[in-house]
Amino acid sequence: MTVSASPRTVYLDNNATTACAPDVVAEMLPFFTEQFGNPSSIHAIGASVAPAIRTARERLQNLLGVAHESEIVYTSGGTESDTTAIISALRAYPERREIITSAVEHHAVLTVCEHLARHEGYKLHVIPVDGQGRLDLKAYENALSENVAVVSIMWANNETGTIFPIEHLAQMAKPYGILFHTDAVQAVGKVPFRLSNSAIDMLSLSAHKIHGPKGVGALYLKRGVKFRPLFRGGHQERGRRAGTENTAGIVGLGKAAELAQAGFRDENIRVRSLRDRLERELMALIPNTIVTGDVEQRLPNTTTIAFEFVEGEAILLMLSRAGIAASSGSACTSGSLEPSHVMRAMNIPFTAAHGATRFSLSRDNTEEDVDRVIAVLPGIIERLRAMSPYWSSSARAPAEFQPAYS
Ligand SMILES: *Cc1c(COP(=O)(O)O)cnc(C)c1O
């Protein structure tokens, strides 16, 4: 049996992954066939591939405002870039035994940091957030010291879309000689970048979150930053990431970066207005509902709405039956009944955190997609609440429940 997305599927899970753009696929295809060569080879078949890899690098540089081509290292994606950045910093500064991160990082950062603390004796500072998902700047300031090797804090949150004041955070770390890394996987293509003038030392990105292929990404490495490679072997990527280049993937990443830049202004404005209408109408139609995260500083494509007294998994299944793909926040928490670590870090009331549902849009979405959700979701929530013992036995707005935002 083949499962194919029927044309009627409304895909609103773009923070988990995006559809590869047709133009991206088209540029990649020759690198599986005629242009199969190894870019390190001397002969013509190999050498013909090298320019395509350079072009991809230039396109990424343009999107990120990166001055030097040597500052971009291709990797297998966001997870590898995150791990590489953190481990590299620790190896480059072995006398520094502390790490700073935030409570709402993606598992690609949080799990690595927790592992280092538990099994390798590093001291880990996990900076908390407030009810709107904003970083506790005082706690961050207090954690900074010359004992810290690396700060790894995300640019924008994958669950709520909350944007951290990342440049400010990087500036604050500077006087201590700390390396500053940011996971910008969700920010790329959605916020403007100018890394050439930035205090950021390392930055992670991933192609499949910007309509590129899965399994390829990049690490930005500011010139002069001490670096220790994770993989050793061949001299690819100037000895910083061994292994024959994923040529088709890299070409796809470059094309995806070019498309993201070309549509940057118009598409982000259009997507923001779709997201805002979806959010506004759902809030108006469905009582006991909160929008999570910092609505003032937020990615244009993301909203996570917590519906009180309903189970997120049930919402997702019923939406899926109606041909709508959304998420309960972190894909990694799906399947467990625990609210995600991001909802817990924001202290979203338990009764609401369970019903947190993330809608993440992309340039592929239309007004009709939003109409579909608005048409079916209020009925779904009503039916689920009718079955919920908590909903029927409680006052409709319990006294202890203070919406963070309404
Ligand atoms: C998706 C994601 C990652 C992981 O990227 P992969 O390319 O899938 O390894 C890391 N961080 C954030 C914020 C993400 O959204």
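Values in this document were obtained by computation on a predicted structure and should not be read as measured data. Counting convention: from 1, in listed order, for ligands and their atoms alike. Numbering starts at 1 and runs along the sequence shown.
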Is there at least one pair of N or O atoms, one from [X] and one from ligand 1, spaced under 3.5 Å apart?
{"X": "G78", "result": "yes"}
{"X": "Q186", "result": "yes"}
{"X": "N15", "result": "no"}

Give the atoms of ligand 1, by number and element, whose distance to some non-hydrogen atom of [X] is under 4.0 Å.
{"X": "K209", "answer": "1 (C), 2 (C), 3 (C), 14 (C), 15 (O)"}
{"X": "G77", "answer": "7 (O)"}
{"X": "N158", "answer": "13 (C), 15 (O)"}

Between E159 and T304: side-chain donor-acceptor atoms closer than 3.5 Å = no
Examine the side chains of T101 and H125 and answer whether a donor and an acceptor come within less than 3.5 Å of each other.
-> no
F180 six-ring centre to K174 NZ/CZ under 6.0 Å and within 45° of normal = no
Is the charged tip of R97 near the ring of Y122: under 6.0 Å from the six-membered ring centre and within 45° of its axis?
-> yes
H119 atom NE2: more than 12 heavy-atom contacts under 6.0 Å | yes
Should the heavy atoms of other residues, nucleotides or ligands under 6.0 Å from CD of E120 be counted, would the total exceed 12?
-> yes
Top protein contact for atom 7 (O) of ligand 1, by heavy-atom distance = S206 OG, 2.6 Å
Who's the nearest protein heavy-atom neighbour of atom 4 (C) of ligand 1, and how far?
-> T79 OG1, 3.7 Å
Note: heavy atom closest to atom 3 (C) of ligand 1, options H107, H106, E159, K214, belongs to H106
Does N301 offer a backbone N or O that forms a donor-acceptor pair with the side chain of R272 under 3.5 Å?
-> no
For ligand 1, which part of D183 has a heavy atom less than 4.0 Å away: the side chain, the backbone, both, or neither?
-> side chain
Under 4.0 Å from ligand 1, counting heavy atoms only, is it the side chain of H208, its backbone, both or neither?
-> side chain
Test F359 against every option in L319, V370, N14 by the side chain to side chain contact (heavy atoms under 4.5 Å, CB included) rule and name the one that passes.
-> L319
